[in-house]
Amino acid sequence: MNKEVRVRFAPSPTGGLHLGGVRTVLYNYLFAKKLGGKFIVRIEDTDQSRFVPGAEEYIFDTLEWCGLIPDESVRHGGAYGPYRQSERKASYRPYAEQLVASGHAYYAFDTPEELEKMRQEFKTADNPSPQYDHTLRMQMHNSLTLSAEETAALLAAGTRHVIRIRMPEKETVSFTDMIRGQVSFDTSLVDDKVLLKADGMPTYHLAVVVDDYAMRISHAFRGEEWLPSAPVHILLWKYLFGMEQMPQWAHFPLILGPSGKLSKRDGAKYGFPVFAMNWTDPKSGEFTEGFREKGFLPEAFINLLALLGWNEGTEQEIYSLEELVQKFSMERVHSAGAKFDYEKAKWFNHEWIKQSGAGRLEAGVRNLLTENGLTVSDDKMLEKVIELVKDRCTLLPDFVQQAGFFFRRPEQFDIAAIKPKWNEAKQLFFAELIRNYELHPDWEAHTLENNFKEIAAANELKPGELMLPLRIMLVGGKFGPGVFEIAALLGKQETLKRMEICLGMMNNE
RNA sequence: GGCCCGUUCGUCUAAGGGCUAGGACACCACCCUUUCACGGUGGUGAUACGGGUUCGAAUCCCGUACGGGCUACCA
């Protein structure tokens, strides 16, 4: 009795995937996995003029980075292919013709110029965007206004034409949205949408219904921007396949930027990533920054997206993908749009870095260090360094500053930070400290600290005033973890070397 | 303009008729730490407005305002 749960994400390969897109994928995925269903990716490339090379690959790379692996797709195969609409082109026309035959659609021969003329002609202050609808269709160039013979002749001559749905008048179309409850529309107010374009390709409206049927989609989820065209889709289901076959719908709230629906431009404008991964438009050359390159962990990215519009009802905020699958439910998706908050996004990443083991972070950190000209030769060392500094890193690139000095002697020392309080007594203290450390047997943080404090006490100096200078000597600046931990990890030779270099600089100044 | 959706701290949200409106981010203060963080404690801060329904409303209904989306042979 229960249909198998099958959901689909149906992106148009026109560019990178932004926050909202990935969240739509995520909710689809979570819903499917929670119910033991299938997650399908279908490429909606019915608009050939908007084809962008590389966009499809980008989409799949993003899904892989996020760990949201489709069960069926162009890449992953499946029994309901092909999963690219351009390759299903032949399947759409018959349905459109069927609708014409049953009186629910008609041929329209209006040229783009004629349409433009109509819009200008009927445009008024009260009606700034005239629609091709029941009020106007009898004034247009279509099979409703032409005789059957004229229409047949035009068709036989291969005249360019589209097929439009004939929206009924004065009907109320309603459906139950899983998030919003019942939503109703008056069909008199909906226009006669094009179903089949002049190039023989379907529009989204026809394709989504035909393919959702063909692929046995049980639940159809998409962004709220699709809500206004829902009545068209509902009617197509009714005319073509029957309402009992129709999937259940849910329209996700939009993710808003600082001003309205989040756009890729908002990123550059307000200084945060909008796409999942870096993307450069091959035509315009426009670059849009991605969360991955910005230094986000996919776990954090998924986590923050999940909580942008959904919550379990508890105070938990950190969830792994597995946990999300277990706890997600469509009923708890919020109905109002959510404004994206980059500060909170960073907090999620910081939390994930803190709770990740060095092993999880190692590869990424190593790449970052290498990219910055730092060589990691000792894996054990890298592991310890990561554990030591990860609490201080919000984004992955923070590791370059926080961990870099372990792998390369600083080129600059922030001498200005200690110079004003420098004096003979401190000079002597460090000379003695070096002598002491040279003879130091075990080189462990706590004994280094003990010796440091003993010598300070013997010279009647406050340890606190000596720790910053030591830090500058080892790190180069006022940052990093505990200074004796650093010395311990750096090793005796390198620690003494850095102290001597710095002390020399102090003398020469 | 029309249609649709929405409205709890600045932001993400909890509370699905009974109350000191809870949590998180951010911010502020203090503690810890003589770096910076982490951590800990505390604080500022919200039910858009007006009507109903009810013993009682953030919660249900209506209106207003405001916000957003759609209004292509784009998705």
- Task: Would you mind reading off the distance between A:H334 atom NE2 and B:G16 atom C1', rounded to a whole angstrom?
- Result: 12 Å

- Query: Given that both distances must come in under 3.5 Å, which nucleotide forms a Watson-Crick or G-U wobble pair with B:G1?
  - Reply: B:U71

- Item | Whole-Å distance separating the CD atom of A:E312 from the P atom of B:G23 | 18 Å

- Item | C1' gap between B:C3 and B:A15, integer Å | 33 Å

- Item | Atom P, compared across B:C12 and B:G68: separation rounded to whole Å | 13 Å

- Task: State which of B:U34, B:C12, B:C38 makes the closest approach to the side chain of A:K339.
- Result: B:C12

- Message: For A:F452 and A:F484, I'd like to know if the aromatic rings sit close, meaning centre-to-centre distance below 6.0 Å.
- Response: yes

- Counting Watson-Crick and G-U wobble pairs only, both distances under 3.5 Å, name the nucleotide matched with B:C9, or none. none

- Please report, rounded to the nearest Å, how far the C1' atom of B:U34 is from the CD1 atom of A:I418. 14 Å

- For B:C30, which nucleotide is its Watson-Crick or G-U wobble mate, given both distances must be under 3.5 Å? B:G40

- Message: Taking only the C1' atom of each, what is the distance from B:G45 to B:C4 in whole angstrom?
- Response: 33 Å

- Between B:G1 and B:C62, how far is it from one P atom to the other, in whole Å? 23 Å

- Query: Using the C1' atom in both, what is the distance from B:C66 to B:C60, to the nearest Å?
  - Reply: 22 Å

- Note on the structure: Taking B:U34, B:C25, B:U35 as options, the one with an atom nearest any side-chain atom of A:F479 is B:U35

- Message: Tell me whether the NZ or CZ atom of A:K344 lies within the 45° cone about the ring axis of A:W347 and under 6.0 Å from its centre.
- Response: yes

- Say you pick atom P in B:U11 and the same atom in B:A26; how far apart are they, in whole Å? 16 Å

- Message: Please classify the nucleic acid contact of A:F185 as base, sugar-phosphate, or nothing, using heavy-atom distances under 4.0 Å.
- Response: sugar-phosphate

- Message: Name the residue from A:R222, A:R180, A:E224 that meets the side-chain hydrogen bond (donor to acceptor under 3.5 Å, both in side chains) definition with A:H251.
- Response: A:R222

- Note on the structure: Quick tally for nucleotides 63-75 of chain B: nucleotides whose base has a protein heavy atom under 4.0 Å get B, sugar-phosphate-only ones S, the rest -, giving -----SBSB-BBB

- Between A:R409 and A:E494, is there a side-chain N and carboxylate O pair less than 4.0 Å apart? yes

- How close or far is atom C1' of B:A26 from atom CG of A:N349, stated in whole angstroms? 17 Å

- Hey, is A:D191 close enough to A:K193 for a salt bridge, meaning N to O under 4.0 Å? yes

- Query: If we take the C1' atom in both B:A48 and B:C9, what is their distance in whole Å?
  - Reply: 14 Å

- Task: Could you tell me whether the phosphate oxygens of B:G39, OP1 or OP2, come under 4.0 Å of any side-chain nitrogen or oxygen in A:K354?
- Result: yes

- Query: Atom CZ of A:F484 to atom C1' of B:U34: distance rounded to whole Å?
  - Reply: 12 Å

- Across the strands shown, which category fits A:G309 at heavy-atom distances under 4.0 angstrom: base, sugar-phosphate, nothing? sugar-phosphate

- Task: Considering only atom C1', compute the distance from B:C38 to B:A75 and round it to an integer number of Å.
- Result: 46 Å

- Query: Taking a pair as Watson-Crick or G-U wobble with both distances under 3.5 Å, which nucleotide is matched to B:A58?
  - Reply: none

- So what does A:S184 hit on the nucleic acid, given a heavy-atom distance under 4.0 Å: a base, only sugar-phosphate, or nothing? sugar-phosphate

- Separation of B:C3 atom C1' from A:D133 atom CG, nearest Å, is 12 Å

- Using a heavy-atom cut-off of under 4.0 Å over every strand shown, decide if A:R332 touches base, sugar-phosphate, or nothing. sugar-phosphate

- Picking from B:C38, B:U11, B:A14, the nucleotide nearest the side-chain atoms of A:N311 would be B:A14

- Query: Within 45° of the ring axis of A:Y132 and under 6.0 Å from its six-membered ring centre, is that where the NZ or CZ of A:R164 lies?
  - Reply: yes

- Query: Is a salt bridge present between A:K354 and A:D391, judged by a nitrogen-to-oxygen distance below 4.0 Å?
  - Reply: no

- Separation of B:U35 atom P from A:L388 atom CG, nearest Å, is 16 Å

- Message: Could you tell me the Watson-Crick or G-U partner of B:G45, where both distances fall under 3.5 Å? Say none if there is no partner.
- Response: none

- May I ask you to verify whether the side chain of A:R392 and the base of B:C36 hold a donor-acceptor pair under 3.5 Å? yes

- Query: How is A:R471 classified with respect to the nucleic acid when contacts are heavy atoms under 4.0 Å: base, sugar-phosphate, or nothing?
  - Reply: base

- Determine, for A:R8 against A:D212, whether the closest basic-nitrogen to carboxylate-oxygen distance falls under 4.0 angstrom. yes

- Task: Assert yes or no for the condition that the ring centre distance of A:F301 to A:F291 is strictly below 6.0 Å.
- Result: yes

- Item | Chi-based syn or anti call at B:C36, which uses purine or pyrimidine torsion atoms and a 90° bound | anti

- Among B:C4, B:C25, B:G1, the one nearest A:L227 by side-chain distance: B:C4

- Message: Considering every strand and a 4.0 Å limit on heavy-atom distances, what is the contact class for A:K462: base, sugar-phosphate, or nothing?
- Response: base

- Query: Around atom CD of A:Q120, are there more than 12 heavy atoms of other residues, nucleotides or ligands at under 6.0 Å?
  - Reply: yes

- Message: I want to verify a distance call: between B:G6, B:A24, B:C5, whose nearest atom is closest to the A:V183 side chain?
- Response: B:C5

- Message: What's A:H251 touching, base or sugar-phosphate or nothing? Going by heavy atoms closer than 4.0 Å.
- Response: nothing

- Message: I'd like to know if A:K117 and A:E113 make a salt bridge, using a cut-off of under 4.0 Å between side-chain N and carboxylate O.
- Response: no

- Item | Whichever of A:V483 and A:W310 has its nearest RNA chain B nucleotide further upstream toward 5' | A:W310

- Task: On RNA chain B, check which nucleotide each of A:G464 and A:A336 is closest to and give me the residue with the more 5' one.
- Result: A:A336

- Message: Rounded to whole Å, how long is the line connecting atom CG of A:L468 with atom P of B:U34?
- Response: 12 Å

